[in-house]
Amino acid sequence: MRNEEIARLFYLIADLLEIQNVQFKPIAYRRAAQSIEGLSEGIELIYEKGGLKSLEEIPAIGVNVALKIEEYLKTGKMKHLEELKKQVPIDESLLHIGGLGPKRIKLLYNELGIKTVDDLEKAAKAGKIKNIRTLGAGVEENILEAIQFFKSHSRRFILGYIQKDIDLLVERLKKSNFTERVEVCGSARRKKETIGDLDILAISKNSSKLIDFFTKLNDVQKVLGKGLKKSTVLLQNGLQVDLRVLDKKYFGAAMQYFIGSKEHNVSLRKLAISKKYKLSEYGLFKGKKVIAGENEKDIYNSLGLDFIPYEIRENSGEIEAALKHKLPKLVELKDIQGDCHMHTLQTDGTCTMEQMIEAAIKLGRKYIVFTDHTKALGITNGLDEKALLQQIKKIEKMNKKYSEITILSGAELNILDDGNPDIDNKVLKQLDVVVGSVHTGFKQDKEKITRRTMKAMENENIDIIGHPTGRKIQVREPFAIDLNKVMEKAKETETALEINSYPQRLDLKDVHIREAVNRNVKLVISTDSHHTSHLEFMKFGVDQARRGWAEKKNILNTLPLDKFLKNLK
DNA sequence: GCCGTTTTCGGCCCGACTGTTTTCAGTCG
């Protein structure tokens with residue numbers, strides 16, 4: 001998919017236009033970019049199939065943006081962007097320096113000819129910035145710090161890996177005696193895959209004491225901002241945390257505002273205006289009269305909407321659905337009955353079968369599948385046919401030992417270069433659940449890697465495709481697989497696609513899940529555990545499924561054991 | 001440049017904090 005690539009160009013156009021003081025167009029380009037990012041289908045495919053017309057049907061994309069997309073797909077260039085770059089020849093990275101917005105970038109370019117982060121750093125170190133009117137020594141100092149931050153921390157955090165830190169921080173604020181209530185908001189509350197910073201909302205009668213307490217916490221590396229109602233700090237681990245303190249009577253409105261997403265809020269505020277209301281973090285108002293504020297649900301209801309779950313507040317159709325009372329009833333962690341993907345010491349796991357079983361029992365799982373790697377993945381000491389048959393025997397014994405849970409035999413086999421499994425079908429047939437994954441040839445072209453996976457789905461023994469796109473967040477891109485074709489084939493062959501819960505994988509992505517849900521493709525949520533502690537990753541997979549609008553009925557492992565097995569291919 | 005429970009033209013979310021000023025512009029979320 002080239003969606004992110006093209007979205008980035010429109011974000012850049014928006015920024016460059018803003019530097020030129022162009023009104024409103026930046027907003028339009030950013031909306032177009034967001035819309036493209038949210039597509040579940042490759043934009044190049046949409047264009048291939050339906051031409052300009054189909055591009056214009058995408059929300060926030062009109063004839064002009066559609067033409068630019070066409071131009072870029074055909075020529076690899078956008079004249080408009082090239083022109084803008086000539087007019088404002090600054091490096092894109094300048095836009096990512098905190099405290100620098102379009103106005104200051106323009107000023108710095110006009111006054112000092114600053115085009116790059118390096119130029120900026122030199123000018124600041126030489127003390128040239130403080131002499132510019134409306135800037136000053138303080139700004140200069142902040143710019144130097146922001147450059148340092150940009151160089152060392154220009155990354156996002158994988159939510160699943162810092163969730164525990166977040167929980168701990170919230171606990172400490174709760175125990176401070178200055179708070180009545182503390183809530184995580186922002187992208188962490190919406191359960192995005194990664195977060196850029198952490199937003200916390202607190203209700204307090206003594207906001208200045210709370211903010212003092214907050215800014216003096218042990219792991220605060222630096223206080224970036226401190227006011228009466230909000231404060232921003234940088235933690236030792238590099239995470240930026242915003243704390244906003246409000247009175248109880250605004251609580252619901254503040255939650256709504258602070259959870260976002262920004263785009264969701266903008267749409268909601270527009271809806272409010274259309275109904276002659278005004279919406280802010282202090283409430284929903286008609287004139288000066290408060291219509292709703294203490295309760296988040298009241299705000300939505302007062303606007304004629306059903307309450308919208310946090311995970312789908314991305315302005316991607318949820319407001320329309322809430323207006324029509326047609327929101328999905330999203331799958332929940334408590335719906336999950338089994339886990340279909342876990343490894344043991346036999347291959348690259350780090351715990352024994354018994355340890356994994358006991359941990360799964362503690363989490364209330366009713367059934368689990370051991371899916372150790374198979375022989376083609378030599379590095380993991382993958383099992384061959386003989387070892388798999390032995391494992392089946394071992395699992396039979398385990399089922400006698402543990403009565404609270406059913407242990408199923410399985411494997412995560414390798415889909416070979418030709419699309420065949422690396423294990424004999426006669427053996428696969430004896431396993432309860434077979435996951436097929438691509439572990440090699442990540443760089444193969446789209447046609448080849450798509451064909452491989454489709455062929456694997458045609459194998460009657462392969463029930464589930466593991467981590468279908470192979471991406472690893474912040475490590476590697478997904479392979480060039482054509483998910484449209486994969487989903488068609490999944491539907492046709494009744495193969496399930498995995499939502500891998502591993503924080504760094506979360507594969508499928510939310511937009512793909514939504515597409516699978518629309519097509520009624522079967523899904524499973526699995527942990528891919530390599531350690532007992534990983535079994536708890538299930539919650540991240542469920543969050544991901546929720547972000548993809550999945551309901552209980554879409555997820556096979558919400559079914560009781562007998563129905564689960566019956567519904568596999 | 002997009003879009004329509006206000007609309008095919010005229011709008012386009014709203015408020016806190018910072019650093020510079022001394023009433024505000026810029027940035028951020």
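What's counted below: heavy atoms across the whole structure, side chains too, no hydrogens, waters or symmetry copies. Here is how names work: the chains are called A, B, and so on, in the same order as the sequence lines, proteins then strands, and each is numbered from 1.
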Quick one: does any side-chain atom of A:Asp507 pair with a main-chain N or O of A:Gly470 as donor and acceptor, under 3.5 Å? yes
Take atom NZ in A:Lys115; do more than 12 heavy atoms of anything else shown fall under 6.0 Å from it? no
What nucleic acid atoms does A:Lys275 come within less than 4.0 Å of, heavy atoms only: base, sugar-phosphate, or nothing? nothing
A:Glu281 side chain: which of B:dG19, B:dG29, B:dG15 is closest? B:dG15
Which nucleotide in B:dT20, B:dC14, B:dA16 has an atom nearest any side-chain atom of A:Tyr282: B:dA16
Looking for any heavy atom pair under 4.0 Å, which part of the strands does A:Leu271 touch: base, sugar-phosphate only, or nothing? nothing
The answer to which of A:Gln240 and A:Ala60 contacts DNA chain B further toward the 5' end, by nearest nucleotide, is A:Ala60
Tell me the interatomic distance from A:Glu140, atom CD, to B:dG19, atom P, rounded to whole angstroms. 14 Å
Using the P atoms only, state how far B:dG26 lies from B:dT20, rounded to an integer number of Å. 14 Å
What's the NZ-P distance between A:Lys130 and B:dT21, to the nearest Å? 14 Å
Taking OP1 and OP2 of B:dG1, is either one under 4.0 Å from a side-chain nitrogen or oxygen of A:Lys68? yes
Which part of the nucleic acid does A:Asn265 contact within heavy-atom distance under 4.0 Å: base, sugar-phosphate only, or nothing? nothing
For A:Tyr11, enumerate each residue passing the side-chain hydrogen bond (donor to acceptor under 3.5 Å, both in side chains) test, keeping only those at least two apart in sequence or located in another chain. A:Glu37
Please classify the nucleic acid contact of A:Ala254 as base, sugar-phosphate, or nothing, using heavy-atom distances under 4.0 Å. nothing
Would you kindly give the NZ-to-P distance between A:Lys230 and B:dT27, to the nearest whole Å? 15 Å
When we call it a touch if two heavy atoms are under 4.0 Å apart, what does A:Gly260 touch: a base, just sugar-phosphate, or nothing? nothing
Could you check whether any side-chain N or O of A:Ser302 sits under 3.5 Å from a backbone N or O of A:Asp298, counting only pairs where one atom can act as donor and the other as acceptor? yes
Consider the side chain of A:Val266, meaning its heavy atoms from C-beta on, and name the nucleotide among B:dT27, B:dC13, B:dG1 that approaches it most closely. B:dC13
For A:Lys25, answer base if it contacts any base atom (sugar-phosphate contacts may also be present), sugar-phosphate if it contacts only those atoms, and nothing otherwise; contact means non-hydrogen atoms under 4.0 Å. base
Using atom P in both nucleotides, what's the gap between B:dC13 and B:dT6 to the nearest angstrom? 15 Å
Assign the ring pair A:His96 / A:Phe150 to parallel, tilted or perpendicular, where the plane angle (0 to 90°) is split at 30° and 60°. parallel
Gap in Å between the two P atoms, one belonging to B:dT8 and one to B:dC3, rounded: 16 Å
Residue A:Ala28, side-chain atoms from C-beta onward, closest of B:dC14, B:dC13, B:dC2: B:dC2
Counting only side-chain N and O atoms of A:Ser274, is one of them less than 4.0 Å from OP1 or OP2 of B:dT5? no
Separation of B:dC2 C1' from A:Lys270 NZ (nearest whole Å): 9 Å
Separation of A:Glu141 atom CD from B:dT18 atom P, in whole Å? 15 Å
Using whole Å, report how far CD of A:Glu57 lies from C1' of B:dC2. 16 Å
If we take the C1' atom in both B:dC17 and B:dT23, what is their distance in whole Å? 16 Å
For nucleotides B:dT5 and B:dG1, find the distance between their P atoms and express it as a whole number of Å. 23 Å
Is it the case that more than 12 heavy atoms not belonging to A:Asn110 sit under 6.0 Å from its CG atom? yes
So, does the side chain of A:Tyr257 form a donor-acceptor pair with the base of B:dG15 at under 3.5 Å? no
Let's see if you can work this out: which of B:dG29, B:dT27, B:dC14 has an atom nearest to the side-chain heavy atoms of A:Ile273? B:dC14
Across every strand shown, the nucleotide meeting Watson-Crick or G-U wobble geometry with B:dT8 (both distances under 3.5 Å) is none
Walking DNA chain B from its 5' end, the first of A:Gly99 and A:Leu228 to be reached, judged by nearest nucleotide, is A:Leu228
Do we get A:Arg189 above A:Tyr257's six-membered ring, with its NZ or CZ under 6.0 Å from the centre and within 45° of the axis? no
Report which part of the nucleic acid A:Arg244 touches: base, sugar-phosphate, or nothing (heavy-atom distance under 4.0 Å, all strands). sugar-phosphate
Once you apply a heavy-atom cut-off of 4.0 Å, does A:Pro59 come out as touching a base, just sugar-phosphate, or nothing? sugar-phosphate
In whole Å, what is the span from the CZ atom of A:Phe285 to the C1' atom of B:dC14? 11 Å
What's the closest nucleotide to the A:Arg104 side chain, out of B:dC17, B:dG26, B:dC12? B:dG26
Output the single nucleotide from B:dC17, B:dC3, B:dC14 whose closest atom is nearest the side chain of A:Lys229. B:dC17
Check every strand shown and say whether A:Thr134 touches a base, only sugar-phosphate, or nothing at a heavy-atom separation below 4.0 Å. sugar-phosphate
Checking A:Glu318 side chain against A:Glu314 main chain: does a donor-acceptor pair fall under 3.5 Å? yes
Nearest whole angstrom, please: distance from the P of B:dT18 to the CG of A:Asp242. 11 Å
For B:dG19 versus B:dG11, give the span between their P atoms, rounded off to a whole number of Å. 37 Å
Of the candidates B:dC13, B:dG1, B:dT20, the side chain of A:Lys262 sits closest to B:dC13
